[in-house]
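Note: hydrogens, waters and symmetry copies are ignored here, and every other heavy atom, side chains too, is used. What you see is a predicted model; the values in this text were computed from it and never measured.
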Amino acid sequence: MSRYLLLVLLNLPFILTGMVSAITRYKLNKSSRRRLTFQFGLWLVILLGLSLAQPLYEWLYSHELTQTEPLSLFDVIQITAIVAILFIANRTRLKLDEAERRLNDLHQELSIRLSSK
């Protein structure tokens, strides 16, 4: 199995989950259309970048623009870890936004109740 194929296969679950999450948040009115477009585009760019890694490397090597070794197994693991960290950071930011929204709602409710007394 090619290391480039392995790279795409290892990262595909993170990318698809990120895309589905962005669409779901938009459909539930928890996200704006602009944020959906940005997040979906980001995950699409990552997928395209990973898919085009081998042809890009071969093109650079054939035009003698690089003399490095092809993708190693360590590189595959490292890139997968970077994509996983990006996924986790995005998910954490979404949870933080939700918690902040709930805190603001609770603060508003508390203010209303205290002002009526």
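By the rule that hydrophobic residues join a cluster once side-chain heavy atoms approach within less than 4.5 Å of another member, Tyr61 and Leu7 end up as members of one cluster. Hydrophobic clustering, with ILVMFWY side chains joined whenever heavy atoms are under 4.5 angstrom apart, keeps Val45 apart from Trp43. Linking ILVMFWY side-chain heavy atoms closer than 4.5 Å, directly or via other members, places Leu36 and Phe38 in two distinct hydrophobic clusters.
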Could you list the donor-acceptor pairs under 3.5 angstrom formed between side-chain atoms of residues 13-27 and any protein atom two or more places apart in sequence or on another chain?
{"unit_1": "Thr17", "atom_1": "OG1", "unit_2": "Pro13", "atom_2": "O", "d": "2.6"}
{"unit_1": "Thr24", "atom_1": "OG1", "unit_2": "Val20", "atom_2": "O", "d": "2.7"}
{"unit_1": "Tyr26", "atom_1": "OH", "unit_2": "Arg33", "atom_2": "NH1", "d": "2.9"}

For residues 51-58, run the donor-acceptor check on the side chains, cut-off 3.5 Å, and write out each pair with its distance to 0.1 Å, sequence neighbours left out.
{"unit_1": "Ser51", "atom_1": "OG", "unit_2": "Leu47", "atom_2": "O", "d": "2.8"}
{"unit_1": "Gln54", "atom_1": "NE2", "unit_2": "Glu58", "atom_2": "OE2", "d": "3.2"}
{"unit_1": "Tyr57", "atom_1": "OH", "unit_2": "Thr68", "atom_2": "O", "d": "2.7"}

Show me the side-chain donor-acceptor pairs of residues 78-97 shorter than 3.5 Å, one per line, residues at least two apart or across chains.
{"unit_1": "Thr80", "atom_1": "OG1", "unit_2": "Asn11", "atom_2": "ND2", "d": "3.4"}
{"unit_1": "Thr80", "atom_1": "OG1", "unit_2": "Val76", "atom_2": "O", "d": "2.8"}
{"unit_1": "Asn90", "atom_1": "OD1", "unit_2": "Gln39", "atom_2": "NE2", "d": "3.4"}
{"unit_1": "Asn90", "atom_1": "OD1", "unit_2": "Arg93", "atom_2": "NH2", "d": "3.0"}
{"unit_1": "Thr92", "atom_1": "OG1", "unit_2": "Ile88", "atom_2": "O", "d": "2.8"}
{"unit_1": "Arg93", "atom_1": "NH1", "unit_2": "Asp97", "atom_2": "OD2", "d": "3.1"}
{"unit_1": "Asp97", "atom_1": "OD2", "unit_2": "Arg35", "atom_2": "NH1", "d": "3.4"}

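The CG atom of Leu9 sits 11.0 Å away from atom CG of Leu50, with the distance rounded to the nearest 0.5 Å. Taking OH of Tyr4 as the start and CG of Asp75 as the end, the distance is 8.5 Å to the nearest 0.5 Å.
Applying the 6.0 Å contact sphere to CD of Glu109 captures more than 12 heavy atoms from other residues, nucleotides or ligands.
Here the side chain of His107 pairs no donor or acceptor atom with the backbone of Leu103 at under 3.5 angstrom.
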